[in-house]
Amino acid sequence: MRRALELAQFAREEGEVPVGCVVVQDGKLVGEGWNRPIAAADPTAHAEIQALRAAAAAIGNYRLSGATLYVTLEPCEMCLGAMFHARIARAVFGAVDPKKKIVKPQTAVEGGLLAAECGAMLSEFFAARR
C-alpha cells in the first residue's frame, strides 16, 4: 500500500484525483498505476485499470489468478468488474469512498434490441470453442 500511496502522489501532481494502485502476484509487484482519466482523455483510466493493464502485459495474460490488488481508495463498480474478469483473488483498499453510497445512475440502460441475433452470435462463438 505504501507504493500505491506514492503513485497517488503522481496523480495529484497531474491534477487528477490522487489514487494509486499496485497488483502483486506470488509476492512480486507485477503492475502499478494511478488515476489518469483527465490526462489520458479516457474515462476508464482509473488507477486500478491502469495497474491491471500493466500487470496483464507484464505476465502476458489477462487472467491474474491469485493476485492481490492494493488501492488507496475503495474501488468503483467498473474497477470491481475489471478485477472480477482478471480473476483477482483479493482486493485491499485504504480510504472508503464517501460518494459511493450516493451515486445515482446517469445513463439509461435498455436491453433486448436484436437480442436473438446477438445471443446467437455469442452461442455460436462459445460452442465452437468447446
Side-chain angles (χ1 to χ4, degrees):
M1 187 64 84
R2 183 71 51 205
R3 178 62 180 155
L5 276 168
E6 292 171 2
L7 296 167
Q9 181 62 31
F10 292 159
R12 179 170 33 191
E13 290 167 3
E14 293 180 356
E16 304 276 1
V17 175
V19 179
C21 182
V22 298
V23 177
V24 176
Q25 189 173 48
D26 300 324
K28 180 182 171 191
L29 190 146
V30 294
E32 59 183 34
W34 60 91
N35 262 8
R36 303 203 75 237
I38 297 167
D42 178 356
T44 70
H46 290 193
E48 299 94 324
I49 302 299
Q50 302 290 81
L52 290 169
R53 288 174 179 159
I59 69 165
N61 192 336
Y62 77 95
R63 291 184 176 166
L64 304 169
S65 300
T68 299
L69 182 143
Y70 297 89
V71 63
T72 60
L73 177 66
E74 182 179 8
C76 71
E77 288 76 9
M78 174 186 70
C79 292
L80 288 169
M83 287 179 227
F84 170 80
H85 287 288
R87 316 305 201 266
I88 293 292
R90 181 173 169 239
V92 179
F93 67 87
V96 172
D97 185 350
K99 294 191 309 182
K100 191 168 185 185
K101 288 148 185 76
I102 61 168
V103 172
K104 294 188 169 104
Q106 297 177 353
T107 303
V109 178
E110 300 175 25
L113 184 62
L114 299 179
E117 293 93 328
C118 295
M121 180 181 290
L122 289 164
S123 294
E124 291 166 10
F125 173 82
F126 286 111
R129 293 186 66 135
R130 293 187 184 116

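The figures that follow rest on heavy atoms only: side chains count, while hydrogens, waters and symmetry mates do not.
The salt bridge (charged side-chain N to carboxylate O under 4.0 Å, His left out) pairs that include a residue from residues 17-35 are R3-E32, where partners are two or more places apart or lie in different chains. Contacts classified as salt bridge (charged side-chain N to carboxylate O under 4.0 Å, His left out) and involving residues 111-130 (residues at least two apart or in different chains) are not found. Applying the side chain to side chain donor-acceptor pair (under 3.5 Å) test to pairs two or more places apart or on separate chains, none has a residue in residues 75-93.
Here L113 sits in one hydrophobic cluster together with L114; the rule is ILVMFWY side chains under 4.5 Å apart, joined directly or through other members. Hydrophobic side-chain contacts under 4.5 Å tie M78 into a cluster, directly or through other members, with I49.
When all heavy atoms of D97 and E74 are compared, the closest pair comes out as N-OE1, 2.9 Å. Of all the heavy atoms in P37 and A45, the pair that sits closest is CD-O, 3.3 Å.
Checked by atom type and distance alone, the side chain of N35 never pairs as donor or acceptor with a backbone atom of P18 at under 3.5 Å. Side chain of T72 to backbone of G20: a donor-acceptor contact under 3.5 angstrom is found.
By the rule that hydrophobic residues join a cluster once side-chain heavy atoms approach within less than 4.5 Å of another member, F93 and V19 end up as members of one cluster. V96 and V92 fall into different hydrophobic clusters, where Ile, Leu, Val, Met, Phe, Trp and Tyr side chains are chained together by heavy-atom contacts under 4.5 Å. At a threshold of 4.5 Å between side-chain heavy atoms, the hydrophobic network of Ile, Leu, Val, Met, Phe, Trp and Tyr places V30 and Y70 in two separate groups. Two different hydrophobic clusters hold L69 and L29 under the rule that ILVMFWY side chains link at heavy-atom gaps under 4.5 Å.
With sequence neighbours left out, the side chain to side chain contact (heavy atoms under 4.5 Å, CB included) criterion links A67 to V23, Q25, L64, I88.
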Listing, residues 52-62 side-chain donor-acceptor contacts under 3.5 Å, not counting sequence neighbours, or none:
from, atom 1, to, atom 2, distance (Å)
R53, NH1, Q50, OE1, 3.4
R53, NH2, T44, OG1, 3.2
N61, OD1, R63, N, 2.9

Could you pull out every donor-acceptor pair under 3.5 Å between side chains of residues 7-17 and any protein atom, sequence neighbours left out?
from, atom 1, to, atom 2, distance (Å)
Q9, OE1, R12, NE, 3.2
Q9, OE1, R12, NH2, 2.7
Q9, NE2, E13, OE2, 3.3
E14, OE1, W34, NE1, 3.3
E14, OE1, R36, NE, 3.1
E16, OE1, I38, N, 3.2
E16, OE2, I38, N, 3.0
E16, OE2, A39, N, 2.7

